[in-house]
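Written out below as structure tokens is the structure these notes cover.
Computed over heavy atoms, backbone and side chain alike; hydrogens, waters and symmetry mates excluded. The model shown is predicted, which means the values in this text are computed figures rather than measured ones. All residue numbers refer to positions in the sequence shown, counting from 1.
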Amino acid sequence: MHIVSPTSTPRPPVGSVVQAVAILRHLGSLAEGAGVNAIARATGIGPSSCFNVLRTLVGEDMVRFDPATKLYRLGLGTVDLARMALARDALVNVARGPMAQMAEEHDAAVGLWRLSARDTDHERLTLMALAESDAATRIHMLVGQRQPAMAGATGRAVLAARTLPDAAVLDAYAGVRWREAPGADKFLRQVRDAEARGWAADNGNINHGISTVASAIRERSGAVRFVLSVSIFGGRESAAGLAAIGKDLSTLTRTLETSVYGQMGEE
């Protein structure tokens, strides 16, 4: 018997599968649920087809339907899939121990974010793993939460790792909804500083009262797939103390890169 590899002969995508993925991604981007007509408009799927796909996803526990509000939300079945995927991801597994150590050492919330996108205009960061200290009062994040890829310290770290021209960095800055905007010129300088030192910082520009440092993790090709972040309460550390955390984080990301992907540029 000859078995054809899925990648050996290009085939047209299966429409219903494409629609299901589009619906799941859209629901994942919403803070609240949405009705079938709103989902259909947002995804470009006909209302009838959208309803049929949603009904199937509800039956598979991928989507949850609230009969009282008529709204659809992601179901717990997506969490089960995410857990299975995480269990098989080498970087996530390798990073858990060092993340826990850093969280305790710096009394911080340490997050591992995965960069994903349908295209460069819709990049998002999803929190894949979290390590917290045992402090009674601490910063808490939820695994699975998403944020715009260019926001905060993580966004600066991604831009720095990509070594983009000034115009592209400023375009990314303009696309972020800031709580307290740092200013375009200052943002550009921060990205260039991050390129030189290997880590970026955000002091309350995205989340009030929170200081975060971040460092991108690159594959052998140089592409950014993951970002590590360390978040503490604002004002707790001096500029020198925050820089020390950033240096520790940059060292960790370089170690993870080599451990999981090998030396940069190798094929």
Side-chain touch S211/R236, heavy atoms, less than 4.5 angstrom
no
Heavy atoms of A95 and L112 approach each other most closely as CB-CD2, 4.3 Å
To the nearest 0.5 Å, tell me how far I210 CD1 sits from S229 OG.
11.0 Å
Is a side-chain N or O of S29 found less than 3.5 angstrom from the main chain of H26, in a donor-acceptor match?
yes
Do the non-hydrogen side-chain atoms of L125 and R146 ever get within less than 4.5 Å of each other?
no
Report, as yes or no, whether the 6.0 Å neighbourhood of atom CD on Q145 holds more than 12 heavy atoms from other residues, nucleotides or ligands.
yes
Enter the distance from R96:CZ to M128:CE here, rounded to the nearest 0.5 Å.
9.0 Å
Would you find a donor on one side and an acceptor on the other, under 3.5 Å apart, between the side chain of T251 and the backbone of K247?
yes
To the closest 0.5 Å, what do you measure between CG (L130) and CG (L142)?
8.5 Å
Scan residues 53-78 for pairs that pass ring pair (Phe, Tyr, Trp, His ring centres under 6.0 Å), counting only residues two or more places apart or in two chains.
F65-Y72
Please check if the side chain of E195 supplies one atom and the backbone of A161 the other of a donor-acceptor pair under 3.5 Å.
no
Indicate the ring-plane relationship of Y173 and F187, choosing parallel, tilted or perpendicular according to the 30° and 60° boundaries.
tilted
Honestly curious: do L71 and F51 fall in one hydrophobic cluster under the side-chain, below-4.5 Å linking rule?
no
Give a yes or no on whether L188 and M150 share a hydrophobic cluster (residues Ile, Leu, Val, Met, Phe, Trp, Tyr; joining criterion: side-chain heavy atoms under 4.5 Å apart).
yes
Is there a chain of hydrophobic side chains (I, L, V, M, F, W, Y, each step under 4.5 Å between heavy atoms) that links I23 to V18?
no
Is there a path from V143 to I139 through hydrophobic residues (I, L, V, M, F, W, Y) whose side chains come within less than 4.5 Å of each other?
no
Residue R225 excluded, over 12 heavy atoms near CZ under 6.0 Å
yes
Can you tell me which residue among E180, R156, Q190 is in a side-chain hydrogen bond (donor to acceptor under 3.5 Å, both in side chains) with N205?
R156
How far does CZ of R189 sit from NZ of K186, to the nearest 0.5 angstrom?
7.5 Å
Minimal non-hydrogen separation, A216 against V224, with atom names
CB-CG1, 4.0 Å
Can you check whether L27 reaches I39 side chain to side chain, under 4.5 Å on heavy atoms?
yes
Carefully, step by step, assess T126 and W113 under the rule side chain to side chain contact (heavy atoms under 4.5 Å, CB included).
CA-CA 5 Å; T126 303; W113 304 80; 5.7 Å; no
Taking atom OH of Y261 and atom CZ of R220, what is their separation to the nearest 0.5 Å?
10.5 Å
Side chain to side chain donor-acceptor pair (under 3.5 Å) for T212 and D202? Distances and angles first, verdict last.
CA-CA 5 Å; T212 300; D202 181 284; 5.9 Å; no
Would one find more than 12 heavy atoms of other residues, nucleotides or ligands at under 6.0 Å from atom CG of D185?
no
Give a yes-or-no answer on whether the side chains of T154 and Q147 include a donor-acceptor pair shorter than 3.5 Å.
yes
Atom CG of L115 and atom CD of E123: how far apart are they, to the nearest 0.5 Å?
5.0 Å
